[in-house]
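In what follows, residues are counted from 1 in the order of the sequence shown.
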Amino acid sequence: MEVMPPQIFGFAEPVCERPQPQCTCITTNSVRNFAATGDEIDRFALSISGASPTHYTVKINSFSLLLKTSVEKYETGDFEAGGYKWKLVLYPAGNKSKNVKEHISVYLAMANTSSLQLGWEVYAVFRLFLLDQNKDNFLILQDAMGAERRFHRLKLEWGFDEFIPIKAFNDASNGFLLEDTCVFGAEVFVCKERSTGKGECLSMIKDAPSIKHVWRIENFSKLRSECCDSQVFNSGDQKWKIQLYPKGRRHGTGTHLAMYLALADSATLTPGSKIYAEFTVRLLDQVQARHIAGKANFWFSASNPESGWARYVSFAYFNNPGNGCLVKDVCSVEAEVTVHGVSNAL
């Protein structure tokens, strides 16, 4: 059976006819609206199939409420295909970041990629579906040549900026939106996969805020722990703590207080992650405000979670009442932290 191109897309004469399994090919059309930054696919193919999508279907009731409630983007739940997790991403009023107007945008995206090894790449061919509820068949959009798309950490999704005009979608005679209900779907076929080796992405932070935290330590003379930690505080989306060694540490043991700034949850960092921070640790003078300050810059990571001074201040100076460091067995330490950059593995 020959199926003519739907007039809703405004196509010129068909330029090829490429039958697909269980579907009838309609046409291809030269466009430059495939969703990719720095990549373009000039041709897509439209076809019609009576078979439901193999891998995922999403039914949306009260579709119009997505717009009325300002839902700019809807991400479906995850589904598995080819050993990987995927999801559909829909923009009911078009993808504004791509300056799309008067069209619905639909994309296929990889999900749960954090568990994949460094430098992963997945090549896949996919098809996106839209149910014609009048005829009980699916309109399918895919690359005209069946080309595989490369998914990787810097490019997690592919799809169509202008999947279908909103006017055509809303027209009940086309069957895509009936009683404010529609059905989308996807099929994904993984062709190959590989690892490209190690890499990283460094993101510097413009106008990074400086965060201060004051730690009041009471009953200092009764401290028995080798290392005492402050309460955890946040700076630059990271959790930090001040570390004090009341008996000293390393080459300062027995003669100096040791003071450090440390990541509070370094074990949760992904392999290869680093945080570049500028910080100051102050021992506050509670009498004359002549504070002692240590300043440093450091790349913090899971393998290097702390930075500071093994000989921060001598016990003789610290215990001298005239210096205001220890008053009524209380001392106060202030940390000021500015996170300037974060490097993550690709």
(request) Could you walk me through whether Leu326 and Phe318 pass the side-chain contact (heavy atoms from CB on, under 4.5 Å) test, one step at a time? (result) CA-CA 7 Å; Leu326 188 63; Phe318 178 76; 3.9 Å; yes
(request) Could you pull out all residues at least two apart from Ser314 that satisfy side-chain contact (heavy atoms from CB on, under 4.5 Å)? (result) His256, Ala316, Tyr317
Can you list, pair by pair, the side-chain donor-acceptor contacts under 3.5 Å of residues 328-338, counting residues two or more places apart and other chains?
residue, atom, partner, partner atom, Å
Asp329, OD1, Phe220, N, 3.4
Asp329, OD1, Ser221, N, 3.0
Asp329, OD1, Ser221, OG, 3.4
Asp329, OD2, Phe220, N, 3.4
Asp329, OD2, Ser221, N, 3.4
Asp329, OD2, Ser221, OG, 2.8
Glu334, OE1, Arg282, NH1, 2.7
Glu336, OE1, Arg282, NH1, 3.0
Glu336, OE1, Arg282, NH2, 3.0
Glu336, OE2, Ser210, OG, 2.8
Thr338, OG1, Ser210, OG, 3.3

(message) Run the side-chain contact (heavy atoms from CB on, under 4.5 Å) test against Ser273 and tell me which residues pass, sequence neighbours left out.
(response) Leu269, Thr270, Asn344
(message) List the residues meeting side chain to side chain donor-acceptor pair (under 3.5 Å) with Lys274, not counting sequence neighbours, and say none if there are none.
(response) none
(message) Holding to ring pair (Phe, Tyr, Trp, His ring centres under 6.0 Å), I want the full list of residues that pass it with His103, two or more places apart in sequence or in another chain.
(response) none
(request) Under the salt bridge (Lys or Arg N to Asp or Glu O under 4.0 Å) rule, what do Arg216 and Glu218 come out as? Steps first, then yes or no, please. (result) CA-CA 6 Å; Arg216 177 181 168 88; Glu218 299 181 348; 3.1 Å; yes
(request) Using the test ring pair (Phe, Tyr, Trp, His ring centres under 6.0 Å), find all partners of His55 that sit at least two apart in sequence or belong to another chain. (result) Phe189
(message) As an exercise, state the distance from CH2 of Trp309 to CG of Leu261, rounded to the nearest 0.5 Å.
(response) 8.0 Å
(request) State which residues pass ring pair (Phe, Tyr, Trp, His ring centres under 6.0 Å) with Phe298; sequence neighbours excluded, sorted by chain then number. (result) Phe300
(message) Once rounded to the nearest 0.5 Å, what's the spacing between atom CG of Leu130 and atom CG of Asn174?
(response) 9.5 Å
(request) Just jot down the side-chain contact (heavy atoms from CB on, under 4.5 Å) partners of Thr76, sequence neighbours excluded, or say none. (result) Tyr56, Val58, Tyr74, Lys87, Leu88, Leu90
(message) Assess whether a salt bridge exists between Lys96 and Glu72, defined as any Lys/Arg side-chain N lying under 4.0 Å from an Asp/Glu carboxylate O.
(response) yes
(message) I'd like to know whether Trp240 forms a side-chain contact (heavy atoms from CB on, under 4.5 Å) with Leu263, so could you lay out the CA-CA distance, the side-chain angles of the two residues, the decisive distance to 0.1 Å, and finally the verdict.
(response) CA-CA 5 Å; Trp240 305 88; Leu263 286 168; 3.6 Å; yes
(request) Begin from the C-alpha positions of Val188 and Leu108 and carry the test side-chain contact (heavy atoms from CB on, under 4.5 Å) through to its verdict. (result) CA-CA 9 Å; Val188 187; Leu108 174 72; 3.6 Å; yes
(request) Starting at CD1 of Ile292, measure out to CG of Asn323 and round the result to the nearest 0.5 Å. (result) 7.0 Å
(message) If I compare all heavy atoms of Ser47 with all of Arg127, which pair ends up nearest, and what's the gap?
(response) OG-NH2, 4.2 Å
(message) Quick check for you: to the nearest 0.5 Å, what is the distance between Met110 atom CE and Lys85 atom NZ?
(response) 11.5 Å
(request) Just jot down the ring pair (Phe, Tyr, Trp, His ring centres under 6.0 Å) partners of Tyr245, sequence neighbours excluded, or say none. (result) Tyr260
(message) Show, in sequence, the C-alpha distance, side-chain angles and deciding distance for Thr181 and Ile60, and conclude whether the side-chain contact (heavy atoms from CB on, under 4.5 Å) test is met.
(response) CA-CA 6 Å; Thr181 297; Ile60 304 176; over 6 Å; no
(request) Please name all residues satisfying salt bridge (charged side-chain N to carboxylate O under 4.0 Å, His left out) with Asp78, sequence neighbours left out, ordered by chain then number. (result) none
(message) So that I can tick it off, tell me whether Glu148 and Arg150 are bridged by a salt bridge, with the cut-off set at under 4.0 angstrom between side-chain N and carboxylate O.
(response) no
(request) Flag the pair Ser307 / Trp299 as yes when at least one side-chain heavy-atom distance between them is below 4.5 Å, and no otherwise. (result) no
(request) Report the hydrophobic cluster partners of Leu67, with the cluster defined as I, L, V, M, F, W, Y residues connected by side-chain heavy atoms closer than 4.5 angstrom, directly or transitively. (result) none
(message) Consider side-chain contact (heavy atoms from CB on, under 4.5 Å). Of Gln238, Lys212, His213, which one does Phe233 pass it with?
(response) His213
(request) List for me each residue that meets side-chain contact (heavy atoms from CB on, under 4.5 Å) alongside Asn297, sequence neighbours excluded, and say none if there are none. (result) Tyr276, Glu278
(message) Are there over 12 heavy-atom neighbours, none belonging to Asn61, within less than 6.0 Å of that residue's CG?
(response) yes
(message) In the structure I gave you, are the side-chain heavy atoms of Phe176 and Phe184 within less than 4.5 Å of one another anywhere?
(response) no
(message) Between Lys73 and Glu75, does the salt bridge (Lys or Arg N to Asp or Glu O under 4.0 Å) criterion hold? Intermediate values first, please.
(response) CA-CA 7 Å; Lys73 178 175 71 172; Glu75 298 184 1; 3.3 Å; yes
(message) Could you tell me if Ser62 and Asp180 have a donor-acceptor pair between their side chains, going purely by distance under 3.5 Å?
(response) no
(request) Report yes if the side chains of Val122 and Val190 come closer than 4.5 Å at any heavy-atom pair, otherwise no. (result) yes
(request) Using distance alone, with no hydrogens and no angle criterion, decide if Ser105 and Asp161 have a side-chain donor and acceptor under 3.5 Å apart. (result) no
(request) Check the side chains of Tyr107 and Asn95 for a donor-acceptor pair under 3.5 angstrom, ignoring hydrogens and angles. (result) yes
(message) Side chains of Asn99 and Lys101, heavy atoms from C-beta outward: is any pair under 4.5 Å?
(response) yes
(request) Could you grab the distance from atom OG1 of Thr255 to atom CZ of Arg311, nearest 0.5 Å is fine? (result) 5.5 Å
(request) Measure the spacing between CD of Glu226 and SG of Cys228 and express it to the nearest 0.5 Å. (result) 10.0 Å
